[in-house]
Q: 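First, the structure itself, so that you have it in front of you.
Protein chains get the first letters and strands the later ones, always in sequence-line order, with residue 1 at the start of each.
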Amino acid sequence: MLKIIIPTAMLMPMTWMSKPNMIWINSTIYSLLISLISLSYLNQLGDNSLNFSLLFFSDPLSAPLLVLTTWLLPLMLMASQSHLSKETLTRKKLYITMLTTLQLLLIMTFTATELIMFYILFEATLIPTLIIITRWGNQTERLNAGLYFLFYTLMGSLPLLVALLYIQNTTGTLNFLIIQYWAKPISTTWSNIFLWLACMMAFMVKMPLYGLHLWLPKAHVEAPIAGSMVLAAVLLKLGGYGMMRITILLNPTTNQMAYPFMMLSLWGMVMTSSICLRQTDLKSLIAYSSVSHMALVIVAVLIQTPWSYMGATALMIAHGLTSSMLFCLANSNYERVHSRTMILARGLQTILPLMAAWWLLASLANLALPPTINLIGELFVVMASFSWSNMTIILMGTNIIITALYTLYMLITTQRGKHTHHIKNINPSFTRENALMTLHLLPLLLLSLNPKTVLG
Amino acid sequence: MKPPIFIIIMLTVISGTMIVLTTSHWLMVWIGLEMNLLAIIPILMKKHNPRATEAATKYFLTQATASMLLMMGIIINLLHSGQWAMSKNLNPMASAMMTAALAMKLGLAPFHFWVPEVTQGISMSSGLILLTWQKIAPLSVLYQISPTINPDLLLTMATMSIAIGGWGGLNQTQLRKIMAYSSIAHMGWMTAIMAYSPTMMILNLMIYITMTLATFMLFMHNSTTTVSSLSQTWNKTPLVTLLILTLMMSLGGLPPLSGFIPKWMIIQELTKNEMIMMPTLLAMTALLNLYFYMRLTYTTTLTMFPSSNNMKMKWRFEHTKKMIFLPPLIVISTMLLPLTPMLSIL
């Protein structure tokens, strides 16, 4: 694991000591090389996890997420080059340092063995994200957004700390590898219900669950592009990953306790998808679609069947890539028009046809077109929830239709139709932007050829 | 004040605390605390304005009352045990009285009313001594009598302190009052764990003193006393803005900074003693503290705070206050978390 951690940590001195015209090039190339190293972890043995040391391990659940995280750093750096071009050199280096710190903490979070270390790093990822949102965001609402983000997450996760320490005292260890075999079933007493709630609320807030999702549209909209990318692609998956790890300890209380959250997620899926149909702000639309996709993951994790876990993992990776790509596309709009309102930049297909192709592919991935892994994830989750209860198919089916509706709405509004007269003067697509979209899309398409890697 | 006099007074303050720390005779404890009190009054009054006089008077009156209450407890202990040595078995009534007296000295709720007003009236460096050095002596006495204190009393005072430290600091714009409420809240955390594991109290005290020293020194470097003048730090020394950001987050107890260590350890000790709701409640109330630290970082580091143009042209003198040991202090206040297993030395 050190072969990933030390190079990522060393990206920081390298950034500070590079020549001014080389900072972006150096950091992007070296972070791409680091992501190549992490690809070797995808080769997992079937029956047990790969253990690297007492502290770090990776199993078929965390390896795809690790690869996603390391893949995303070069993409974030490429996406940020344009909006940071006017800043002073020190601030650019600070920004890259923030992104690298966040990357380092995320890598360690996804591979942590001890649950307390996972908790510490989980909380630690809040600080660089807060700094990125508040310092480099664009509107005045970003202050409020940062505070909402920080305090929602902390309110959820402080009970988790108490619960983890309690579990350590009763079970003797919090090392994940041991707990897999040592977990005793807990009965449904009041105190165990509180334990369940304490463990899960942190991840519910992070996912986010429908009732607690208020921080997400604010944070996504106000963050700069790299912040939005990392929030949507990786930080939400922290919640899903944590939930999958901790439900091992919480059987069989989950069967009773899951009902309210299942209902919130199922209903929330449909509600947030419907809200997307009425959004004027492009980033806000993508943010609400993230809530909707993550609600599917919550449903999958709470059902706890093998198929639903496979679907949840695939959906997390797929959504990470798709949602990050959509944010990059929205950002390419924003950099030209300097407004996030969708109708201000219509009919882009006539002016930027290659970008329109990326919009088309991203939208098709978002609405879970076969044979992408988005479809595989959604299909597994829908099938698993159907077997859990027949009635859920109504809501799930409605959600799939509404997802298709708002994705096509977004596509048609931005790409088709007559273009507004004021966008004649926009810059053509940069090669950097096209490369960015390709790098998002290629893993997605390649994974549809071999989905077994992400099925966990 | 003249250097020789200042040296004598500081020596008296230090020796007062040292007497309290090293003695085993109850009367010497009282004597040490009184020496400390009397010698620190001139330090509080370094600036000769009526505000400082009022602050010093308030400090003197409350602390003298507390000393008398402590003396009463000592005498009751003498009556019931027949000897002056500090031992572990204390009469419950004496122990309750001593706890109340020491709580008054420390500024724990419900005896916290003097802390913001006194801290506000005095200069920054005196405030620094008040909030860090003055806590050592009473806490050491509490450490020694901790087995006999009623845990309910301690936990009530702790919960109230953390809550009052959190809510009280929310509407403040003066930095000294913010640090005063922060001190009340941290004292609350220290007393919460005293009944179960006094070692964690020492840990919390060490880390709190380090962080508060560093914070005060950074405030003195900028010669600021209000939040809005702190927001001009980006103009004077941009590096200090980054340091204030990390220090504030460390004070708020965010991982992975050192301020998280005491909170983690305290919550661990409390859960080991079968208390689940209490640490959750304490941790949630500490989030209020984090809110006003975050507000400080927003105005200082993360935004360029709106201000009139002539505020931006602060006089850029070389700082003349003593900043002893500042870089190591900052490193200890922020990067100590990986060394947590080292606390077995305590």
Q: What are the atom names and distances for all donor-acceptor pairs below 3.5 Å between chain A and chain B?
A:
from, atom 1, to, atom 2, distance (Å)
A/Leu143, O, B/Tyr298, OH, 3.1
A/Leu147, N, B/Tyr298, OH, 3.3

Q: Does a sphere of radius 6.0 Å around CE in B/Met323 hold more than 12 heavy atoms from other residues, nucleotides or ligands, not counting ones at 6.0 Å or beyond?
A: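 Yes, enclosed.
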Q: Would you call B/Ile276 and A/Leu195 a side-chain contact if the rule is heavy atoms closer than 4.5 Å?
A: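 Counting from C-beta outward, B/Ile276 and A/Leu195 never come under 4.5 Å.
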Q: If you look only at pairs with a residue in residues 265-284 of chain B, which of them pass as a ring pair (Phe, Tyr, Trp, His ring centres under 6.0 Å), with sequence neighbours excluded?
A: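 Qualifying pairs, neighbours excluded: none.
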Q: For B/Met284, is it the side chain, the backbone, both, or neither that has a heavy atom closer than 4.5 Å to a heavy atom of chain A?
A: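 When you check distances to chain A, atoms from both the backbone and side chain of B/Met284 fall under 4.5 Å.
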Q: Pick from B/Leu257, B/Leu245, B/Leu290, B/Leu287: which one has the most heavy-atom pairs with chain A under 4.5 Å?
A: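 The answer is B/Leu287.
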Q: Quick one: CE on B/Met249 to CD1 on A/Ile127, what's the gap to the nearest 0.5 Å?
A: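 The CD1 atom of A/Ile127 is 4.5 Å from CE of B/Met249, to the nearest 0.5 Å.
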Q: To the nearest 0.5 Å, what is the distance between CD1 (B/Ile267) and CG (A/Leu165)?
A: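 Taking CD1 in B/Ile267 and CG in A/Leu165, the distance rounds to 7.0 Å.
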Q: For the CG atom of B/Leu282 and the CG atom of A/Leu158, what is their distance to the nearest 0.5 Å?
A: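 Rounded to the nearest 0.5 Å, the CG-CG separation comes to 11.0 Å.
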Q: Can you tell me how far the CG atom of B/Leu254 sits from the CG atom of A/Leu126, to the nearest 0.5 Å?
A: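 Taking CG in B/Leu254 and CG in A/Leu126, the distance rounds to 7.5 Å.
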Q: Check each atom of A/Phe122 against the heavy atoms of chain B and say whether the ones under 4.5 Å are side chain, backbone, both or neither.
A: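 Neither part.
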Q: How long is the straight-line distance from CE of B/Met294 back to CZ of A/Phe151, given to the nearest 0.5 Å?
A: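 A/Phe151 CZ to B/Met294 CE: 7.0 Å, rounded to 0.5 Å.
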